[in-house]
Amino acid sequence: MLIETHAHLDYPDFANDFEDVLRRATEAGVTRILTIGTSIASSQRAIEIAEKYSSVFAVIGVHPTYVEEAGDDVMTPLRELAKNRRVVAIGETGLDYHSLPSKATAKDKKVQVFASALQGETEEQIDASIKDGAYKSKQAALFEQQLDLAVELGLNVVIHQRDAWDDTLAIMQPHTDKLRGVFHCFGGSLEQANEVIDLDHLVSFTGIVTFKNGASVRQVAAQIQLWKFMVETDCPYLAPVPFRGKRCEPAYTRLVAESIASARGIPLEELAEATTETAEEFFRFNR
Ligand SMILES: [Zn+2]
């Protein structure tokens, strides 16, 4: 028995064969699926799916790369949605500095990033860094709101963090001991994993552990304490080997688990039991 802790079942990628996707998950031993909202509308759809299928639970939130489309207040709509009993956590929320406006500008204009250091900033670059600042502070504001809401509702949080490690931890710091987070799609070092584990948070691993160039993540998954991590696919993205590049689906959680079990030299059953118990404790189904 496995729990898929991070799927985006509401995405159009699953519209044509939804029932088959769920059936294949069950056949692969994936008995529960967490479907994760990325906007208010997506969170609404996540709840609808969770109400319809008993194996699916919903996590509701606004993804950091969707903050531009979100209003200034996400607490009011999320608080309303969280009244639904199928909602088991807040997220995914966090910080994502991977595609900042300045990077887009540099790419569009073929501006060399180091040019600014050598020659002083151009007006365009100054403009881009102002936009970066505004984008980052909007992400931070919505992240803080969602952490506050999670504390208010006594829910844990699914964290999305990309190229923003220090800022993410700084924003979470005041909430230490009031909530737990899972750093989903973990791709950091063992030291970083232990840093958040020491704060009573968890990490979770995707199909990246099966990739040829995923050796460092696989290594972390092999060495991290059992009971401190969960498994996920982040479908429709990140399909594990041998499906890499194709649409991913919750059934492949098994491939992620198998890969980690073999890296640790333990039976799949042992890994499945530990990650399932960890997920049950973290998400507190049927609260
Ligand atoms: Zn996701």
Side-chain angles (χ1 to χ4, degrees), residues 2-15 18 21 25 30 32-50 56-70 74 78 81 87-99 139 142-143 146-147 150 155-165 168 172 180-188 196 201-211 214 217 221 229-240 243-253 255-256 275 279 282-283:
L2 287 161
I3 298 180
E4 149 76 297
T5 59
H6 199 111
H8 296 287
L9 292 182
D10 72 299
Y11 282 23
D13 310 67
F14 299 110
F18 195 83
V21 166
V30 179
R32 269 181 187 157
I33 303 170
L34 279 296
T35 191
I36 314 287
T38 50
S39 65
I40 300 299
S42 158
S43 298
Q44 239 149 10
R45 292 194 298 269
I47 292 173
E48 280 162 26
I49 295 168
V56 181
F57 290 83
V59 175
I60 58 166
V62 176
H63 190 283
T65 61
Y66 291 101
V67 297
E68 300 282 28
E69 298 88 64
V74 296
L78 287 176
L81 289 175
V87 173
V88 293
I90 297 295
E92 59 188 293
T93 179
L95 301 176
D96 190 322
Y97 296 169
H98 190 68
S99 305
Q139 285 195 2
L142 295 200
F143 184 25
Q146 292 177 80
L147 292 174
L155 294 173
N156 287 326
V157 183
V158 174
I159 305 290
H160 173 103
Q161 180 287 129
R162 196 171 183 197
D163 300 344
W165 182 259
T168 302
M172 290 180 74
R180 301 179 73 201
V182 55
F183 286 73
H184 111 90
C185 194
F186 189 77
V196 292
H201 303 309
L202 299 172
V203 301
S204 70
F205 297 104
T206 61
I208 292 174
V209 295
T210 70
F211 294 177
V217 183
F229 68 92
M230 304 187 285
V231 285
E232 59 163 308
T233 67
D234 201 15
C235 65
Y237 312 115
L238 298 173
F243 301 107
R244 190 171 181 184
K246 304 222 169 69
R247 183 194 70 177
C248 186
E249 58 178 66
Y252 302 164
T253 307
L255 296 171
V256 176
T275 54
F282 184 83
F283 291 108

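One-based numbering, in listed order, for ligands and for the atoms of each. Scope of the values below: all heavy atoms of this structure, side chains included, with no hydrogens, waters or symmetry mates. All values reported here derive from a predicted model rather than from experimental measurement.
The name of the N, O or S atom in Asp234 nearest to the Zn ion (ligand 1) is OD1. The name of the N, O or S atom in Glu92 nearest to the Zn ion (ligand 1) is OE2.
The two atoms that bring Val87 and Leu81 nearest to each other are CG2-O, 3.7 Å, heavy atoms only. The heavy-atom pair separating Asn156 from Phe282 by the smallest distance is ND2-O, 2.9 Å.
Taking the six-membered ring for Trp, Phe57 and Phe283 have ring centres at least 6.0 Å apart.
Geometry note: the Zn ion (ligand 1) is the vertex, His6 NE2 and His8 NE2 are the arms, and the angle is 100° (rounded to 10 degrees).
Between His160 and the options Asp96, Asp234, Thr168, a side chain to side chain contact (heavy atoms under 4.5 Å, CB included) holds for only Asp96.
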